[in-house]
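Read the numbers this way: they start at 1 and go in the same order the structure lists the ligands and their atoms.
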Amino acid sequence: DTVLAIDIGGTKILGALVSGAAIKEAVDMPTPASGDPRAWIADLLTRAPGWRGRFSRVGAAVTGIVENGRWSALNPKTLSIPPDYPLTAMLAELAGVSAIALNDAQAAAWGEFDLGAGQGTRNCVFLTISTGIGGGVVAEGQLLKGMAGHFGQFLSDIADNTPIENRAAGRWMAEAARSQGHATDARGVFKAASEGEGWADSIIALSAHRIATLCANIQLGLAPEKIIIGGSIGLAPGFIARIAALFSDLPSRQRPTLVAAQLGGRAGIVGIARIALSSEG
Ligand code: ADP
Ligand code: BMX
């Protein structure tokens, strides 16, 4: 059975035909900053004209929260979504088959648990370091859904009401660069750091420090066997090692084990396709 799998992030949208664990074909486009998600998906499908009739279900892994098929943003800075958006109904109508949808990091957690770096564990956490920071939890072999795992929304102080992702993820890196007179995105910050720019290295160091703190706290809360790191920033060369280096003073039983997502940027696509075909889908 083949699934049309779609991953809508704050920066990019991926579409793929997935059969089992195999991605047969894939297309991508930047995520529009505003407008109707229906037009985004219609645009994506025009980039894959030969796909119609080749899939039996649609599965969407999306940034934000999905409840009863309706989609909303928790943090509109990561992606602004029309409130209470009827996502599965729109997908089913455009694709002509039934649709399911789940949070992007939850879907990716399942993909990695089932077919990637989480294989062989019973308890693992997936963290995407991307436009924002998303999380998914597999506990005793079960994926936790709903609000569970929204680690990017962790607050350092209830009074200032600012989620950690607004001080560590891709959108923040671009803002931090701009505030120092460098008009670039997070990718540009990594490039500048690799060329020896101290301002860029400082931004990455601060992000790594905050994410290390987050991981240490996740370890205390859930004791996962592994914390699997994905997202384009999480998977940027050297970033995981930089976070892990900050754990050296922790007692060994409190120290997180960080590993890179084996499915890379495709964890969400693969995970949602598996879920779409499973009985619970
Ligand atoms: P999404 O948030 O849409 O799921 P990504 O996982 O690609 O997408 O994360 C997007 C963020 O990653 C953006 O802030 C972008 O600037 C940054 N980024 C993209 N490519 C790279 C790269 N090669 N190195 C570092 N950062 C990157
Ligand atoms: C935010 C939140 C999460 C999402 C995470 C990663 C929104 C729109 N999104 O914390 O639901 O999992 O970002 O999203 O509130 P990404 O776009 O960075 O992959």
Side-chain angles (χ1 to χ4, degrees), residues 6-15 28-34 37 40 44 60-67 71-83 85 87 101-109 125-137 144-155 162-178 182-195 200-201 203-204 207-208 211 214 229-240 242 260-261 263-269 271-272:
I6 299 173
D7 184 334
I8 307 179
T11 299
K12 65 181 192 306
I13 302 179
L14 299 174
D28 62 82
M29 61 183 258
T31 308
S34 60
W40 310 347
L44 186 77
V62 297
T63 186
I65 180 120
V66 183
E67 292 159 313
W71 183 27
S72 325
L74 291 164
N75 184 354
K77 283 186 88 150
T78 299
L79 182 65
S80 169
I81 302 153
Y85 188 86
L87 178 62
L102 199 66
N103 171 264
D104 55 355
Q106 290 172 354
V125 163
F126 177 87
L127 265 193
T128 174
I129 320 294
S130 34
T131 314
I133 296 175
V137 178
L144 305 187
K145 296 180 182 168
M147 270 306 293
H150 270 88
F151 303 118
Q153 306 304 310
F154 274 22
L155 302 173
T162 299
I164 181 67
E165 67 183 0
N166 286 13
R167 296 195 169 123
R171 190 133 289 172
W172 173 79
M173 287 188 178
E175 278 169 21
R178 201 175 318 122
H182 306 280
T184 188
D185 59 8
R187 185 202 297 258
V189 173
F190 276 85
K191 181 165 182 288
S194 75
E195 291 162 354
D201 196 70
I203 290 172
I204 295 168
S207 166
I211 292 167
L214 179 64
I229 305 289
S232 293
I233 291 169
L235 296 172
F239 194 66
I240 291 176
R242 207 156 172 165
L263 304 171
R266 267 107 188 258
I269 288 285
I272 197 65

Are H150 and ligand 2 in contact, using a heavy-atom cut-off of under 4.0 Å?
-> yes
How far is atom 8 (C) of ligand 2 from its nearest protein heavy atom, and which residue and atom name does that atom have?
-> T63 OG1, 3.5 Å
re atom 1 (C) of ligand 2, the protein heavy-atom contact at minimum distance is E165 OE1, 3.1 Å
Which ligand 1 atoms are under 4.0 Å away from a heavy-atom of G170?
-> 14 (O)
Do T78 and R171 come within less than 4.5 Å of each other through their side chains, counting heavy atoms only?
-> no
Nitrogen or oxygen atoms of A73 and ligand 2 under 3.5 Å apart = no
Protein heavy atom at shortest distance from atom 11 (O) of ligand 2 | G64 N, 2.8 Å
I133 and ligand 2 - part of the residue with a heavy-atom distance under 4.0 Å = backbone
4.0 Å heavy-atom contact, T31 with ligand 1 = no
Within less than 4.0 angstrom of ligand 2, does G152 place any heavy atom?
-> no
For ligand 2, which part of D104 has a heavy atom less than 4.0 Å away: the side chain, the backbone, both, or neither?
-> side chain
Any N/O of N103 closer than 3.5 Å to an N/O of ligand 2?
-> yes
Side chain or backbone of T131 under 4.0 Å from ligand 2, or both, or neither, by non-hydrogen atoms?
-> both
